[in-house]
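It should be emphasised that the depicted structure is a prediction, and the values quoted were computed from it without experimental measurement.
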Amino acid sequence: MLVDSHCHLDFPSLQADMDGVMARAADAGIGTMVTICTRVDDFPTILGIAEAYDHVYCSVGLHPHDADQEPDLSTAQLVDLAGHDKVVGIGETGLDFHYDQSPRELQATLFRRHIAAARETGLPLIVHSRAADDEMIAILRDEADKGAFPGVLHCFSSGPELARAALNLNFYISFSGIVTFKKADEVRAVAAETPLDRLLVETDAPYLAPVPHRGKDNEPAFVANTAAKLAEMRGMTAAEMAGQTTDNFFRLFTKAQRVT
């Protein structure tokens with residue numbers, strides 16, 4: 001069994017063919033998925049998808065792109081919504097200084113509120129980080145000094161310094177189809193060095209379809225291609241990588257239940 005630890009099942013391209021998406025995922029051996037919340041305003045829709053399928057869970061959070069759309073989001077709101085049985089993580093949240101779609105200071109403020117929610121609930125923080133490695137490291141270390149919290153750097157595309165800093169805080173690192181891209185040598189180097197018990201796999205669907213599906217909308221079934229690439233890099237069989245990343249997922253996302 002494989003887990004797609006981060007996808008966006010509410011996005012139109014996946015919603016338009018949900019039965020097909022689920023059937024292809026089952027055929028590919030995908031046993032569990034987490035559909036990720038990027039706007040708390042959209043949380044009821046995200047939760048509805050998770051409630052419709054035994055093997056689908058969700059998160060609650062606000063993407064840094066949209067920080068200025070919900071600037072008053074509080075830690076208390078996140079904690080309250082995270083009480084639902086289907087909510088297994090806090091986020092996605094973080095810093096994105098590549099697109100700068102929201103003010104950087106506001107991104108950081110809301111990121112810290114999410115961290116507080118992760119600390120209070122014990123649910124893993126799902127972190128988006130792009131073009132903000134130094135700032136991300138500083139915030140994670142500062143917040144860890146206030147009290148530990150679990151977390152994962154999702155869709156890793158940063159440098160080795162951020163990976164090492166996160167691993168030192170007992171974070172996990174999740175790799176997407178980027179590891180199959182021709183020019184992603186730095187990401188592959190980080191993936192090769194990440195301890196096996198800290199690896200996760202994801203699609204970030206409908207984005208970043210892995211080889212050989214480049215140019216198509218991504219979907220949970222394609223996480224098998226990413227896991228196979230990681231297995232090849234680490235000298236493992238696909239089955240061994242599937243077992244390892246699945247065990248890692250359930251160790252981090254403790255509210256999720258294995259579907260047998």
Handout entry: Enclosure of Asp27 CG (heavy-atom neighbours >12, cutoff 6.0 Å)
Key =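 Enclosed.
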Problem - Stepwise side-chain contact (heavy atoms from CB on, under 4.5 Å) check, Leu199 with Met241 - result: CA-CA 9 Å; Leu199 278 174; Met241 182 58 72; 4.2 Å; yes
Practice task
Please determine, by modelled atom types, if Glu219 and His213 share a side-chain donor-acceptor pair under 3.5 angstrom.
Solution key: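 There is no such pair (donor and acceptor under 3.5 Å, judged by atom type) between the side chains of Glu219 and His213.
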Problem - Donor-acceptor pair between Thr203 and Asn218 side chains, under 3.5 angstrom - result: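 Judged by distance alone, the side chains do not pair up.
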Please answer: with hydrophobic residues joined when any side-chain heavy atoms are less than 4.5 Å apart, are [X] and [Y] in the same cluster?
X      : Y      : result
Val152 : Phe250 : yes
Ile178 : Val201 : yes
Phe175 : Leu162 : yes
Val79  : Val88  : no
Ile30  : Tyr207 : yes

Is the backbone of [Y] close enough, under 3.5 Å, to the side chain of [X] for a donor and an acceptor to pair up by distance?
X      : Y      : value
Arg113 : Leu73  : yes
Ser102 : His65  : yes
Asp204 : Cys155 : no
Lys229 : Pro210 : no
Ser59  : Gly91  : yes
Glu193 : Val190 : no
His114 : Leu62  : yes
Glu70  : Asp41  : yes
Thr246 : Gly243 : no
Lys86  : Leu47  : no

Exercise for the section: Test Arg258 against Asp247 for salt bridge (Lys or Arg N to Asp or Glu O under 4.0 Å), laying out the working first. Expected result: CA-CA 10 Å; Arg258 292 180 189 251; Asp247 287 346; 2.7 Å; yes
Where is the tightest heavy-atom contact between [X] and [Y], given as atom of each residue plus distance?
X      : Y      : answer
Met22  : Leu9   : CE-CD1, 3.8 Å
Ser13  : Asp217 : CB-OD2, 3.3 Å
Ala82  : Leu123 : CB-CD1, 3.8 Å
Met136 : Gly94  : CE-CA, 4.2 Å
Val211 : Thr180 : N-OG1, 2.9 Å
Ala131 : Phe97  : O-CB, 3.3 Å

Problem - side-chain hydrogen bond (donor to acceptor under 3.5 Å, both in side chains) against Ser74, all qualifying residues, sequence neighbours excluded - result: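 Partners of Ser74 under the side-chain hydrogen bond (donor to acceptor under 3.5 Å, both in side chains) test: Gln77.
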Exercise for the section: Please name all residues satisfying side-chain hydrogen bond (donor to acceptor under 3.5 Å, both in side chains) with Glu143, sequence neighbours left out, ordered by chain then number. Expected result: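 So Glu143 forms a side-chain hydrogen bond (donor to acceptor under 3.5 Å, both in side chains) with Arg112, Arg119, Lys146.
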Going by heavy atoms in the side chains, are [X] and [Y] under 4.5 Å from each other?
X      : Y      : value
Asp197 : Gln244 : yes
Arg24  : Pro220 : no
Leu125 : His154 : no
Asp4   : Cys7   : yes
Thr93  : Ile126 : no
Pro64  : Leu95  : no
Tyr53  : Met18  : yes
Leu110 : Glu105 : no

Report the residues that fulfil ring-ring contact (aromatic ring centres under 6.0 Å, His included) with [X], sequence neighbours left out, ordered by chain and then residue number.
X      : value
His8   : His6, Phe11
Phe249 : Phe253
Tyr172 : none
Phe149 : Phe171

Problem - Intermediate values then yes/no, side-chain contact (heavy atoms from CB on, under 4.5 Å), Phe111 and Leu140 - result: CA-CA 10 Å; Phe111 182 37; Leu140 289 177; 3.9 Å; yes
Practice task
Under the side-chain hydrogen bond (donor to acceptor under 3.5 Å, both in side chains) rule, what do Glu51 and His84 come out as? Steps first, then yes or no, please.
Solution key: CA-CA 10 Å; Glu51 289 180 317; His84 193 284; 2.9 Å; yes
Practice task
Before giving the answer on side-chain hydrogen bond (donor to acceptor under 3.5 Å, both in side chains), spell out for Thr45 and Asp10 the whole-Å C-alpha distance, their side-chain angles and the decisive distance to 0.1 Å.
Solution key: CA-CA 7 Å; Thr45 298; Asp10 61 312; over 6 Å; no
Between [atom1] of [X] and [atom2] of [Y], what distance do you get to the nearest 0.5 Å?
X      : Y      : atom1 : atom2 : value
Ile173 : Thr194 : CD1   : OG1   : 4.0 Å
Phe43  : Ile46  : CZ    : CD1   : 8.5 Å
Thr245 : Leu196 : OG1   : CG    : 10.0 Å
Glu92  : His128 : CD    : NE2   : 6.5 Å
Asp80  : Thr121 : CG    : OG1   : 12.0 Å

Exercise for the section: Kindly determine whether Thr226 and Val179 satisfy side-chain contact (heavy atoms from CB on, under 4.5 Å), including the steps that lead there. Expected result: CA-CA 7 Å; Thr226 297; Val179 296; 3.9 Å; yes
Handout entry: Matching residue for Leu252 among Pro124, Ser174, Ser5 - test: side-chain contact (heavy atoms from CB on, under 4.5 Å)
Key =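 Answer to the side-chain contact (heavy atoms from CB on, under 4.5 Å) test with Leu252 among Pro124, Ser174, Ser5: Pro124.
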Practice task
Tell me, with the steps shown, if Leu81 and Val87 meet side-chain contact (heavy atoms from CB on, under 4.5 Å).
Solution key: CA-CA 8 Å; Leu81 294 172; Val87 178; 5.9 Å; no
Practice task
State whether Asp96 and Arg104 are salt-bridged, where the test is any N-O pair (Lys NZ or Arg NE/NH1/NH2 against Asp/Glu carboxylate O) under 4.0 Å.
Solution key: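 No, this pair does not count.
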Exercise for the section: Please say whether the positively charged group of Arg214, taken as NZ for Lys or CZ for Arg, lies over the ring of Phe181, i.e. under 6.0 angstrom from the six-membered ring centre and within 45 degrees of the axis. Expected result: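 Arg214 over Phe181 ring: yes.
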